[in-house]
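Along the sequence shown, residues carry numbers from 1.
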Amino acid sequence: MPRGGGKGRKERDAGREDEAAGAVGTLEAAVREARRRAAPSVRDFRYNKQRVRLVSRGSELKEGAECILYWMCRDQRVQDNWAFLYAQRLALKQELPLRVCFCLVPTFLDATIRHYGFMLRGLQEVAKECAELDIPFHVLLGCPKDVLPSFVVEHGVGGLVTDFCPLRVPRQWVEEVKERLPEDVPFAQVDAHNIVPCWVASPKQEYSARTIRAKIHSQLPEFLTEFPPVIRHPHLPPNPPEPIAWDACYSSLQVDRTVTEVAWAIPGTAAGLAMLQSFITKRLKSFGSQRNDPNKAALSNLSPWFHFGQVSTQRAILEVQKHRRVYKESVDAFVEEAVVRRELAENFCYYNENYDSVRGAYDWAQSTLKLHAKDKRPFLYKLPQLEQATTHDQLWNAAQLQMVREGKMHGFLRMYWAKKILEWTRSPEEALQFAIYLNDRYELDGMDPNGYVGCLWSICGIHDQGWKERDVFGKIRYMNYAGCKRKFDVDQFERRYAHCK
C-alpha cells in the first residue's frame, strides 16, 4: 500500500469500505442472481463471438497446453468481464487450468501515484477474488513485451486472451507481444470495455454523435445482455501461484508521488458497485435536469471505476435501465452519455491516430484555428500558473482546484476549463498540450478516450460544428463566464473551491 496517512487514514478507509460493503449488499445479491439466471457458467452461455477478434495468425490451441492465460490490462475486474469470460470458456472446453496476469509497467504517460494507487488497490481485490475461484493471479513487473512471452513459455500457455483499448500505447503492447509469442500460441482480443464492440459499432471514424447514435442503438438489443458468472474453476494447476509481493509492486513504480490519492473514491469493484447503487437511489432522479449544475449532487461519479475497468459500463446500464419507467429523462440522458458519447470517443481514438493532436481535428477546425492563431489573447498564462490555479478567473481557478484536490472536475466545467485554456495560451497546439497534461495528471479518469475527445471537442471542435466567428476561437464553440452565471450559482462554486488561506 502507498506510504503515508498513518493510522487515521487506514481507519477512515476501513470505515468507508465497511459502509460501501453495506450499501452494495442488496445490489450485489441481485446481480449475482441475474448472472446465475443467465447461465450456470459461460460454457452454457451463448457467447457472442463478434466481441472477439484474432490477433495472431493461427487459431488452433497449442498441443499439450498446460493452461489458458487471460492477460488483464484495461478491464480490471473478475465478473461482468467478456474477456475474462472468454478465457474461462476456452479453458473449460479444453479442461485446462485458467491463469490471469497483469503486467505492471513502472510508468505510463502522465500517470501519478494517484492513478497507480487506485489501480493497485483494485487489483488486490481482483487477486483475492481470483484466489476464491481457484484461478491463479500473477503480477508481472515490466513492459509486456519483456515479461509476458517468457511467462507464456514457462507456464505452457496454450492460448492467450486480452482485452481492448484504442489508445496507441496499449495497442503497441499488443503488437509487440504478438511478435514475440511462440507461433503455436493463438492470441485473441475481446472488447470488454464497450457494450457494442468498437470494431462492430462502426468500421470508420464517425463524424458526430448524430452519425453513430442510430448504429449503437440498433445493436444494443444484440449486445446489451446479462452476463453469465465467472465460476470456481474446476481444473487446477499443478502448483499454487507465488504470493504477490504488493510492496515490491509499489517500489517498482517510477511515478510522481506528490499527486496524492483521493479520499472520496475507494478503489475496487465492490466500492464501484456501491457508487452505482448510491447513484440509482439518490442521484439518478436529478441526473436529467441537474447534471450540468456543478453545485448539485446529480452525477453518477462512476468515471474512475469505468476508466480502470473495475465496474462494467454494461452492468451500470443494465441496472440503471430498470428505473426508466420512473426516471425516463434521467435514464435516457445517462445512456446517451455512458453509451453513445463514450463509445463515440472510443471510435475516434481507434480510427484517428492523431486523437491527442490538433492534426486530428476536422479540416474546417484546423483552418479556423490557424487563421486566428496570431490573434491577440486577452491574457497569456504559462503552464505553472494554470496548474497552480492563479489566473484572473476565479471560476476557472475553482475548477482547477477541484480537479487537483479531488481527482475529478465537474463535467460541465471541464468544457469551460479547456476552452479558457485555448483563449489564454499562445497557440491551439499549446492549449491542447496543456489541457491534456493537466487532465491526465490530476483526473482519476485521465489518459482515457473520453478525456482526449473532451479536450479536442473544447479546443478543436471535434464532433461539433462551426459557430459564429470570433477572435482566438474562430468558429470553435465559445463559452464565457457570463454564460456560466446564467446557468448556475458561480459564487457558490467559487467559495467551495477557493484557495486555502
- Task: Determine, for Tyr355 and Arg168, whether the Lys NZ or Arg CZ falls below 6.0 Å from the six-membered ring centre while staying within 45 degrees of the axis.
- Result: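 Yes, cation above the ring, under 6.0 Å and within 45°.
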- Message: Can you confirm if the NZ or CZ of Arg291 lies within 45° of the ring axis of Phe287 and under 6.0 Å from the centre of its six-membered ring?
- Response: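 Judged by the rule, Arg291 and Phe287 form a cation-pi pair.
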- Is the ring centre of Tyr207 less than 6.0 Å from the ring centre of Tyr362?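 Yes.
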- Show your reasoning for whether salt bridge (Lys or Arg N to Asp or Glu O under 4.0 Å) applies to Glu343 and Lys215. CA-CA 11 Å; Glu343 297 203 8; Lys215 295 180 180 181; over 6 Å; no
- Message: Other residues, nucleotides and ligands only: do more than 12 of their heavy atoms fall within 6.0 Å of NZ on Lys296?
- Response: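 Result for NZ/Lys296: open.
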- Side-chain (Arg36) to main-chain (Pro229) donor-acceptor, under 3.5 angstrom: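 Flag not set: sc Arg36 to bb Pro229 has no pair under 3.5 Å.
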- Item | side chain to side chain donor-acceptor pair (under 3.5 Å) between Thr211 and Glu206, intermediate numbers included | CA-CA 6 Å; Thr211 66; Glu206 292 292 333; 2.8 Å; yes
- Classify the side-chain pair Trp199/Gln50 by whether it contains a donor and acceptor separated by less than 3.5 Å.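 Judged by distance alone, the side chains do not pair up.
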- Message: Do the side chains of Glu176 and Arg180 get close enough for a salt bridge, i.e. N-O under 4.0 angstrom?
- Response: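 Not counted as a salt bridge, because no side-chain N and carboxylate O are separated by less than 4.0 Å.
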- Lys/Arg-Asp/Glu bridge criterion (N-O < 4.0 Å) met for Asp445, Arg414: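 Salt bridge present between Asp445 and Arg414.
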- Message: Test: side-chain hydrogen bond (donor to acceptor under 3.5 Å, both in side chains). Region: residues 142-164. Which pairs qualify, not counting sequence neighbours?
- Response: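 Passing the test, one end in residues 142-164: Tyr70-Asp163.
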Review item, side-chain donor-acceptor pairs of residues 95-108, under 3.5 Å, at least two apart:
| from | atom 1 | to | atom 2 | distance (Å) |
| --- | --- | --- | --- | --- |
| Arg99 | NH1 | His138 | NE2 | 3.1 |

